[in-house]
Amino acid sequence: MSVACNRLGGRSFVPALEGYEMEPGSTLLLKKSLREISGISFRSPGELIAINDELGVAFLLNPLTGDIEKRPFGKKADYEELVYTPEGYYVLESNGNLHLLDADNFSEQQVYYGSFPRYTEFESMVYDPERNQLLLFCKTCGRNADTINAWRFDLRTHSYLEEPAFSIPIRAIRSMGKDDTIECQPSAAAFHPLTNKIFILASIGKVLLECAPNGKLEAVYNINGDLFQQPEAICFAPNGDMYIANEGRQSKASLLFFSYRKPVAITETRQP
């Protein structure tokens, strides 16, 4: 066991994730149809949109009760992530193909086909509102790759940019995480709506990365394997509340909720 695992104890994140408690505010076990949950997106305080990695179905999920409604949109495929954009919901396949769904009825509007280097596989994606682009983070970035690459899909032209927008070196993750054994294969990602940081979650490696919008790595958090057995999805509410979903292994899938409190700036006072 690594030193990082020993440091975790009962805490969710090490070091502490600013604005969030050490333990989840609630944990919800999900129904069987979401056992292989692979993506979530916030829709309203009483509704998340979820997908699993087998069926072309959008699930309207009540994060308090676990109740679901199904909205089929396509054939069986390896669906890994979904995000909301002004055009509707984009669903990411592991090969980089993108499915655009209507935001109201979840019918499939268009499919955009990607072409990437061999041994490239995706599980995570975010919407960059400033550039009106999607950022796709590769889980497998090539044979013996030493970086995590971010590819862009431009919503204005509906085309993929030919080269990665930026890369995050694995050595930088290990250096900042103070652990030379860290592996990091991204399984989910989300933009924080208040800090404008990109959070990249890795089930393989059990780390959470915090990056600037330009991809600069700013923090590495170890995550507790007892709470996050197989974290495959993350999203934020507009107020910063965070949801993380675990795919089920021998047990049910789960949805963990962390409320957000905006950090209060401390102003130094001087005696006259």
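Met125 and Phe137 fall into different hydrophobic clusters, defined by Ile, Leu, Val, Met, Phe, Trp and Tyr side-chain heavy atoms under 4.5 Å apart, directly or through other members. In this structure, Leu208 is not a member of the same hydrophobic cluster as Ile173, with clusters built from ILVMFWY side-chain heavy atoms closer than 4.5 Å. In the hydrophobic clustering of this structure, Leu201 groups with Leu256; members are Ile, Leu, Val, Met, Phe, Trp, Tyr whose side-chain heavy atoms approach within less than 4.5 Å, directly or through other members. Residue Leu55 is grouped with residue Ile68 when hydrophobic side chains (ILVMFWY) are merged at heavy-atom distances under 4.5 angstrom, including chains of intermediate members. Note on Phe258: it does not cluster hydrophobically with Tyr243, by side-chain heavy-atom contacts below 4.5 Å among ILVMFWY residues.
Atom NE2 in His99 sits 12.0 Å away from atom CG in Leu82 (nearest 0.5 Å). Expressed to the nearest 0.5 Å, how far CD of Glu87 lies from CG of Leu155 amounts to 4.5 Å. To the nearest 0.5 Å, atoms CG (Leu161) and CG (Leu134) are separated by 11.5 Å. With rounding to the nearest 0.5 angstrom, the CD atom of Glu36 is 9.5 Å from the CD atom of Glu80. Atom CE in Met22 sits 9.5 Å away from atom CG in Leu17 (nearest 0.5 Å). Phe106 CZ to Ile51 CD1: the interatomic distance, rounded to the nearest 0.5 Å, is 11.5 Å.
Of all heavy-atom pairs between Val207 and Ile223, the closest is N-CG1, 3.9 Å. Of all heavy-atom pairs spanning Pro213 and Phe166, the tightest one is O-CE2, 4.0 Å. Closest approach of Val220 to Pro15, counting heavy atoms only: O-CD, 3.6 Å. Closest heavy-atom contact between Phe42 and Phe236: CB-O, 3.5 Å. The minimum heavy-atom distance linking Ile200 with Cys211 is given by the pair CD1-SG, 4.3 Å. The two residues Gly96 and Leu136 come nearest to each other via the heavy atoms O-CD2, 4.1 Å.
Between Tyr90 and Tyr127, the ring centre distance reaches or exceeds 6.0 Å. Ring centroids of Tyr260 and Tyr20 are separated by less than 6.0 Å, placing the two rings close together. Taking the six-membered ring for Trp and the full ring otherwise, Phe73 and Tyr89 have centroids separated by 6.0 Å or more.
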_side chain to side chain contact (heavy atoms under 4.5 Å, CB included) between Leu255 and Ile40, worked out_ = CA-CA 10 Å; Leu255 179 70; Ile40 53 175; 4.1 Å; yes
Practice item. Please step through side chain to side chain contact (heavy atoms under 4.5 Å, CB included) for the pair Asn52 and Phe59, ending with a clear verdict. Key: CA-CA 9 Å; Asn52 68 24; Phe59 296 86; 3.9 Å; yes
- Message: For Tyr112 and Tyr160: C-alpha separation, side-chain torsions, deciding distance, then whether ring-ring contact (aromatic ring centres under 6.0 Å, His included) applies.
- Response: CA-CA 9 Å; Tyr112 300 98; Tyr160 300 83; 7.9 Å; no
Inset, instruction - List the steps, then state whether side chain to side chain contact (heavy atoms under 4.5 Å, CB included) holds for Asn95 with Tyr113. - result: CA-CA 9 Å; Asn95 59 8; Tyr113 298 93; over 6 Å; no
Can Arg174 and Glu183 be said to form a salt bridge (Lys or Arg N to Asp or Glu O under 4.0 Å), step by step?
CA-CA 8 Å; Arg174 291 174 174 171; Glu183 299 295 331; 3.1 Å; yes
**Request:** Start with the C-alpha distance between Glu108 and Val91, add both sets of side-chain angles, then the distance that settles side chain to side chain contact (heavy atoms under 4.5 Å, CB included), and finish with yes or no.
**Result:** CA-CA 10 Å; Glu108 187 173 87; Val91 175; over 6 Å; no
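Surrounding NZ of Lys197 are more than 12 heavy atoms belonging to other residues, nucleotides or ligands, all under 6.0 Å away. Enclosure of atom CD in Glu218 by more than 12 non-hydrogen atoms of other residues, nucleotides or ligands within 6.0 angstrom is indicated. With a 6.0 Å radius and a threshold of 12 heavy atoms from other residues, nucleotides or ligands, Gln185 has its CD atom above the threshold. Atom CZ of Arg131 has more than 12 heavy atoms from other residues, nucleotides or ligands within 6.0 Å. Atom CZ of Arg156 is surrounded by more than 12 heavy atoms from other residues, nucleotides or ligands within 6.0 Å. Gln109 CD: more than 12 foreign heavy atoms inside a 6.0 Å radius.
Put simply, the side chain of Glu123 does not reach to within 4.5 Å of the side chain of Ser203, judged on heavy atoms. Tyr79 places a side-chain heavy atom less than 4.5 Å from the side chain of Glu93. Contact of the Ile49 side chain with the Arg71 side chain is not registered, since no non-hydrogen atoms from C-beta on lie closer than 4.5 Å. Considering only heavy atoms from C-beta on, Leu60 comes within 4.5 Å of Arg43 through its side chain. Looking at His192 and Phe199, their side chains come closer than 4.5 Å, going by heavy atoms from C-beta outward. Here the side chains of Val83 and Ser41 are not in contact, with every heavy-atom distance at 4.5 Å or above. Looking at Glu18 and Glu210, their side chains never come closer than 4.5 Å, going by heavy atoms from C-beta outward. In this structure, Asp53 and Glu232 have side chains that are not in contact, with every pair of non-hydrogen atoms separated by 4.5 Å or more.
No donor-acceptor pair under 3.5 Å is formed between the side chain of Ser124 and the backbone N or O of Ser187. Panel note: side chain Ser167, backbone Asn149; no donor-acceptor pair is recorded below 3.5 Å. Lys206 places a side-chain N or O within 3.5 Å of a backbone atom of Gln229 that can act as its donor or acceptor partner. Looking at Lys178, its side chain never comes within 3.5 Å of a backbone N or O of Ser175 through a donor-acceptor pair. A distance-only check finds a donor-acceptor pair linking the side chain of Asn224 to the backbone of Arg11 [under 3.5 Å].
Residues forming a side-chain hydrogen bond (donor to acceptor under 3.5 Å, both in side chains) with Ser94 (at least two apart in sequence, or on another chain): Asp78.
Across Asp128, Asp154, Thr85, a single residue satisfies side chain to side chain donor-acceptor pair (under 3.5 Å) together with Gln133, and that is Asp154.
A side-chain donor from one of Ser254 and Asn246 sits under 3.5 Å from a side-chain acceptor of the other.
Using a 30° and 60° split on the angle between ring planes, Phe13 and Tyr221 fall in the perpendicular class, above 60°.
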